[in-house]
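Reviewing the structure listed below.
Each chain gets a letter, A, B and so on, in the order its sequence line appears, and its residues count up from 1. The basis for the numbers below is simple: all heavy atoms, side chains too, and nothing from hydrogens, waters or symmetry mates.
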Protein chains: 2
Amino acid sequence: MSTALSPAEHRKAQRRNEIVRAATRLFADLGYAACEMDRVAGELGIAKGTLYLYFNGKQELFLACVDQGMQDLQTALEQVVVPDNDPFRRIAQSIWRFLQFFDENPQHIELLIQERAIFRDRPQPTFFVYRDARRSRWRDFYQQLMDSGRIRTDLAIDDLLDSIGNLLYGTMFTNYFVGRSVPLCQQYKAVVEFTFRGILSEGERERLTGIACQDW
Amino acid sequence: MSTALSPAEHRKAQRRNEIVRAATRLFADLGYAACEMDRVAGELGIAKGTLYLYFNGKQELFLACVDQGMQDLQTALEQVVVPDNDPFRRIAQSIWRFLQFFDENPQHIELLIQERAIFRDRPQPTFFVYRDARRSRWRDFYQQLMDSGRIRTDLAIDDLLDSIGNLLYGTMFTNYFVGRSVPLCQQYKAVVEFTFRGILSEGERERLTGIACQDW
DNA sequence: CAAGAATGACTGACCAGTCAGTCATGACGT
DNA sequence: ACGTCATGACTGACTGGTCAGTCATTCTTG
């Protein structure tokens, strides 16, 4: 992003941003259908027609809001820095950032739901576009951990990544839909412990093998 | 459910069911908004007005579809029977049934999304109503496993149940949104292994303690 | 021939998107 | 300094299409 913008362009971009911010709140509060363009305009104290100078239509405005949200998430995840580069700290802290982000920005969850419910024909929900962009770096990262024998090698890396990702994805939605019953930090600890060690006791780990058969 | 229904009532109930079945498919295929009452009627070869003899409105019809889906899930989960009552088999098989059900009935996932996106003011999404109804039995079940030292006791039962539930919930949605890249049975095995043992290697388990701190 | 079931044309509310018109600003000429 | 004009950002009344729900009428059945 260069700053080589004329003052006019700059103002325009800024205004566009204000619109996105206001629209995000209203879309999340009211849902896509019930959030009329008139209302977005009213909220900003401008006329409806003006919105169409910045966006080609309601759908484009909405998708701009979703995208902004996922960019904010991306930014939050990139702020993860671990002092001595401890890989497990890096995992734990990324989990923390993810849960914290959506705890603080529930409106973005609502937009993800609305997006999927209403624009059903889109090739891929925005969340997964961004998720996939992060994927290859995580894959390399886990590969190193496997090579150095620090995580188990009897499961495919992609299956591991999927499980962790799905656990977080599900946690985010559930928190939003029915609320957390415990403080975020406790939930975070539970998620990390579950991810690292699973549910079995130490004694049972040795006894139990190959439970996942399918003789039913 | 008694069978003490007059033939007329019976016919009525049956017809109602046919409507729900057809509407489920159309709601899932088209989304709530784009699925007009006219179309549901047309699909069944009846007039729109007839639908209003069976349901008070579009919303009621839709919610009946969602509820039917969750009842079907409930039925599928109740079919879990384990020969020698092995608790871990019971867990594994329930996971299997859950994943399999939504793999075979993706339309019900779509309805869950639509429900949450459009009826935002409902007290609780239908999925969680049914989930909560199953909860206490699972809590007792896990309590026994803890008491007998077969699962770890350093995490709260509800946190464990939440993690497992969220993992499955997230997996279901992700499968539906972007598809599985591996066969269902492989995914199932990965989920079960992850749930039981987590990601750490055996060597690392001993070394690593208390990673989930929050000094950031 | 009731009585209830089914019909489908009709209504009224709703709202995204349009576009003819207004207005603030600033540039230019006198 | 002042009037004139050009620009384009902004406005908001209006249109056209959509669709849930209604109800007077027709059909079916016991």
Side-chain angles (χ1 to χ4, degrees), chain A residues 5-24 26-66 111 114-115 117-122, chain B residues 5-24 26-66 111 114-115 117-122:
Chain A
L5 292 174
S6 75
E9 286 170 322
H10 185 68
R11 257 210 333 272
K12 189 135 187 165
Q14 205 160 357
R15 179 66 86 105
R16 204 185 129 103
N17 231 289
E18 282 166 29
I19 296 174
V20 166
R21 205 177 352 258
T24 295
L26 290 175
F27 277 131
D29 280 359
L30 306 165
Y32 183 81
C35 172
E36 309 96 8
M37 293 297 266
D38 253 330
R39 197 190 290 246
V40 176
E43 178 77 10
L44 288 156
I46 62 178
K48 181 161 68 156
T50 308
L51 294 176
Y52 288 87
L53 301 175
Y54 292 87
F55 300 92
N56 282 325
K58 191 179 183 183
Q59 172 165 349
E60 191 179 299
L61 170 58
F62 176 79
L63 293 177
C65 295
V66 178
L111 293 196
Q114 297 284 325
E115 181 198 14
I118 287 149
F119 305 110
R120 352 208 8 276
D121 42 346
R122 299 201 79 207
Chain B
L5 292 173
S6 74
E9 286 169 322
H10 185 69
R11 258 210 334 270
K12 190 134 186 168
Q14 205 161 0
R15 177 68 86 99
R16 203 186 130 103
N17 231 287
E18 282 166 29
I19 295 174
V20 167
R21 210 181 344 264
T24 296
L26 290 175
F27 276 131
D29 280 359
L30 307 165
Y32 183 82
C35 173
E36 309 96 9
M37 292 297 265
D38 254 331
R39 198 191 289 247
V40 176
E43 177 78 9
L44 288 156
I46 62 178
K48 180 163 67 157
T50 308
L51 294 176
Y52 287 85
L53 301 176
Y54 292 87
F55 300 92
N56 284 325
K58 190 179 183 183
Q59 173 165 348
E60 191 179 301
L61 170 58
F62 176 78
L63 293 176
C65 295
V66 177
L111 294 196
Q114 298 284 324
E115 182 199 12
I118 288 150
F119 305 109
R120 353 212 1 279
D121 43 347
R122 300 201 79 210

Fill in: Pairwise side-chain contact, A:Phe119 with A:Leu63, heavy-atom cut-off 4.5 Å (strictly under)
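Contact flag for A:Phe119/A:Leu63 side chains = yes.
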Inter-residue atom distance [X].[atom1] - [Y].[atom2], 0.5 Å rounding:
X	Y	atom1	atom2	result
A:Thr24	A:Leu61	OG1	CG	8.0 Å
B:Leu51	B:Arg15	CG	CZ	9.5 Å
B:Ile19	B:Arg16	CD1	CZ	8.5 Å
B:Tyr52	B:Lys58	OH	NZ	8.5 Å

Practice prompt. Counting heavy atoms from C-beta on, name the nucleotide in D:dC19, D:dT22, C:dT18 closest to the side chain of B:Glu36.
Written response: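 Looking only at heavy atoms from C-beta outward on B:Glu36, the closest nucleotide is D:dC19.
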What's the [atom1]-[atom2] distance between [X] and [N], to the nearest Å?
X	N	atom1	atom2	result
B:Glu60	D:dA20	CD	C1'	14 Å
A:Met37	D:dC14	CE	C1'	17 Å
A:Lys58	C:dC14	NZ	C1'	11 Å
A:Tyr32	C:dC15	OH	P	13 Å
B:Tyr52	D:dC19	OH	C1'	9 Å
B:Arg39	D:dA20	CZ	P	11 Å
B:Leu51	D:dC19	CG	C1'	14 Å

Discussion item. Looking at B:Arg120 and B:Glu115, would you say the former's side chain and the latter's main chain have a donor-acceptor pair under 3.5 Å?
Written reply: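 Between the backbone of B:Glu115 and the side chain of B:Arg120 there is no qualifying donor-acceptor contact (under 3.5 Å).
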Fill in: Shortest non-hydrogen contact between A:Leu111 and A:Ala28, atoms and distance
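Heavy atoms of A:Leu111 and A:Ala28 come nearest at CD2-N, 3.9 Å.
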Name the pairs: protein N/O against N/O of nucleotides 23-27 of chain C, kept only if under 3.5 Å.
none

Give me the distances for all protein-to-nucleotides 6-11 of chain C N/O pairs that come in under 3.5 Å?
from	atom 1	to	atom 2	distance (Å)
C:dA6	OP2	B:Tyr54	OH	3.4
C:dT7	OP2	B:Ala47	N	2.8
C:dT7	OP2	B:Thr50	OG1	2.3

Tabulate below the donor-acceptor pairs under 3.5 Å that side-chain atoms of residues 31-46 of chain A make, not counting sequence neighbours, or state none.
from	atom 1	to	atom 2	distance (Å)
A:Tyr32	OH	A:Gln59	N	3.4
A:Glu36	OE1	A:Arg39	NE	3.3
A:Glu43	OE2	A:Arg25	NH2	2.8

Worksheet item: Does A:Phe55 have its ring centroid less than 6.0 Å away from the ring centroid of A:Phe62?
Response: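 For A:Phe55 and A:Phe62, the ring centres are not under 6.0 Å apart.
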